[in-house]
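When a residue number appears, it is its place in the shown sequence, counting from 1.
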Amino acid sequence: MGGSFGKQDWTGMNRQQLILTGRVGDQELRLELAEGLHVLGRAVDCDVVLPESSVSRRHAELEYAGGRARVRDLGSHNGTLVNGVAAEGWREVRPGDQVALGRAVFSLGGNLDSQALMTIVGDHPSNGVAITWQEATGRESRTGQVARRAGKRAELFSVLAEAGSLLVTPGSPEELFEPILDLVDAAVMPERALIALLEDGSGEPQVRASRVRGGGRAPNLMLSRTVINRVLGERVSFLIEDAQLDSAFQAQMSIVSQGVRTAMAAPLFDNENVIGLLYADSADSHDRYTTDELKAFTLLANCVAVALTHARYHEMEAEKMRLEGELGAARRIMSTLLPEQAPQLAGWELVPHLVSCTEVGGDLYDVFTLPDGRVLVAVGDVAGKGLGAALLVSSLLPLLRGLAGPCEDIAALVARLDAVLFPVTEPVRYATLFVGVLDPASGRLEYVNAGHNPPCVVRADGTAEMLAPTGLPVALVGEGTWTSRQLELAPGDLLALFTDGIPEAWNAAEDEYGDERLAALLRSLRGNDAVSVRDAVLADLEEFVGDAAASDDVTLVLVRRRP
């Protein structure tokens, strides 16, 4: 419908403003347009910018004058619909009509209750007042006259700055948002206030809390990237004395169309880092913010930032204490799974040793007597460290004991262990494992090495051999094959089982301890009892590592047949 306007009833509305409420993508908007002709589209030079891919760069025109409105399409790709009907030429619109530009849909008139949003848009320099952190805190040259504080708000801000320590109270940051907004509301009586924080690593501030005068939620707020970058990167506070005249806001119409007249943005600076920004604005054309208020607002933002950072530290400390409690419980559980002493066997010495480099580790061992009198000896290492590795250890050790039974076939035992663990173990977890069954009477040892460090057998005559892997680690692929092998330990022979925390230990010069050094040391100690061998190996390892930090658990289990 083209031509002249028809008479319309905008009851309850300011005839000098046209209100549009609706949704653009996942964002809800409320636009208050002054009288005149407005271009709507996706391009940054449009009067109303709609950041939605279905909207053309210059999509439509909306004209409002004398309380009457009309719209026309500008040859857009998806067209302009009024109440579901395509607009051809100028189309009259009335209160309650629905106007759709692609997927951007608006209703004329009404109110909007939505989540506060903030969108950063193209580079548009602002003509507003900008002050640095030093200027706000009075740390620059004081050769000039000290500015007088003007107005009730400036005095109130001074009080708030002095009382900033009241915000430093235990609790989470979320618990401080409402008290912070209370302070901002009492200090400057804004139309809208926002707290935006840098939290997700993207470098873009995200609105965490907001408040609108009279209740409800704030529509989407679009701020110039130039302003945002200076606030966050240079710790500069901005005062927009009249948004209707500022190019940074006119370019987007985001604030102008919402009726905002004056606004302030200050960095949330906690004396070390900028963690976000604090924003407040007002639609009252007779009550504009001043430079003194901007300085006070900046000091308030500093108090807020300190309080939020303190709350974050308090939350982190509480989480640390919770984790320490869980680690302590895990450590106690692990201590019940690992045997403190090995069985006492006539003619044999069995000496286990394990030290974790963290609260709970991924190394494991077990030594226990089977029903037929033989002894099962196991040493393993779970991939990774911490609670994840400890969980697999806490599953593997009881399963090993439960499945061992009479243990007629040790290879089948390892296969059953793998079949149970693989389906319930996360993909990044698996365990290298050496399992041996010793017959004390004959000295015969049957074993499976499931991808573990080759144990070292030192004979009484000084010769040594390494027991190579006979299959894949447990819980790695779910369909492995394991082969058992046998050897005999004669009087005076020594079997050393260990994890990679010994041969792969590094010193400050980044030299590796290595299997050869360990084997040579064991050969030199072959005549000593097992306890002396253990102490000598650990002492040599400690001397080699020196001041270098331990990087892995250290486990050593010695099986020696007395001469």
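- The closest side-chain heavy-atom distance from N273 to L198 is not below 4.5 Å.
- Smallest separation of non-hydrogen atoms from P179 and L176: CD-O, 3.2 Å.
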| query | Could you go step by step and tell me if R312 and I275 meet the side-chain contact (heavy atoms from CB on, under 4.5 Å) rule? | reply | CA-CA 11 Å; R312 284 178 175 175; I275 64 172; 4.0 Å; yes
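- Side-chain atoms of H59 and L50, non-hydrogen and from C-beta on, never get closer than 4.5 Å to each other.
- Heavy-atom neighbours of Y430 OH from other residues, nucleotides or ligands within 6.0 Å: at or below the threshold of 12.
- Side-chain atoms of R429 do not come within 3.5 Å of backbone N or O of V382 as any donor-acceptor pair.
- For the atom pair CG (L181) and CG (L194), the distance works out to 8.5 Å, reported to the nearest 0.5 Å.
- Atom CZ of residue R211 and atom CD1 of residue I195 lie 9.0 Å apart, to the nearest 0.5 angstrom.
- Between V105 and A100, the shortest heavy-atom distance links the atoms CG2-CB, 4.1 Å.
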| request: Start with the C-alpha gap between L299 and K295, add the side-chain angles, then the distance that decides, and say whether side-chain contact (heavy atoms from CB on, under 4.5 Å) holds. | output: CA-CA 6 Å; L299 293 176; K295 291 180 180 179; 5.8 Å; no
| task | Could you go through the side-chain contact (heavy atoms from CB on, under 4.5 Å) check for L354 and V554 one step at a time? | result | CA-CA 6 Å; L354 187 154; V554 172; over 6 Å; no
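- Side chain to side chain, R235 and T298 fail the donor-acceptor criterion of an N or O pair below 3.5 Å.
- Rounded to the nearest 0.5 angstrom, L101 CG and T80 OG1 are separated by 4.5 Å.
- Proximity of a side-chain donor or acceptor of E293 to a complementary backbone N or O of T290 within less than 3.5 Å is detected.
- Other residues, nucleotides and ligands contribute more than 12 heavy atoms inside 6.0 Å of the CZ atom of R72.
- Counting only distance, with no hydrogens or angles, the side chain of D73 and the backbone of A60 share no donor-acceptor pair below 3.5 Å.
- Considering E92, E61, E63 as possible partners of R70, the one that fulfils the side-chain hydrogen bond (donor to acceptor under 3.5 Å, both in side chains) test is E63.
- How far CG of L232 is from CG of L268: 9.0 Å, rounded to the nearest 0.5 Å.
- Panel note: side chain S54, backbone R103; a donor-acceptor pair is recorded below 3.5 Å.
- A distance of 7.0 Å separates CG in D381 from CG in D553, rounded to the nearest 0.5 Å.
- Between F238 and V231 there is a side-chain heavy-atom pair separated by less than 4.5 Å.
- In this structure, the side chains of L108 and P95 stay at 4.5 Å or more apart for every pair of heavy atoms.
- The number of heavy atoms from other shown groups lying within 6.0 Å of CD (E426) is above 12.
- Here the side chains of V184 and P190 are in contact, with some heavy-atom distance below 4.5 Å.
- Between atom CD1 of residue I180 and atom CZ of residue R208 there is a gap of 11.0 Å, rounded to the nearest 0.5 Å.
- T262 contributes a side-chain N or O that, together with a main-chain N or O of I240, makes up a donor-acceptor pair within less than 3.5 Å.
- The shortest distance between side-chain heavy atoms of Y289 and V188 falls below 4.5 Å.
- In this structure, N507 contributes its side chain and D511 its backbone to a donor-acceptor pair below 3.5 Å.
- Counting only heavy atoms from C-beta outward, the side chains of F297 and S237 never approach each other to under 4.5 Å.
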| field | Residues S53, R42; criterion side-chain hydrogen bond (donor to acceptor under 3.5 Å, both in side chains); working and verdict | value | CA-CA 8 Å; S53 60; R42 188 160 43 86; over 6 Å; no
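- Side-chain atoms of V545 and W506, non-hydrogen and from C-beta on, never get closer than 4.5 Å to each other.
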| said: Run L20 and L62 through side-chain contact (heavy atoms from CB on, under 4.5 Å) and show every step you take. | reply: CA-CA 11 Å; L20 299 178; L62 180 65; 3.7 Å; yes
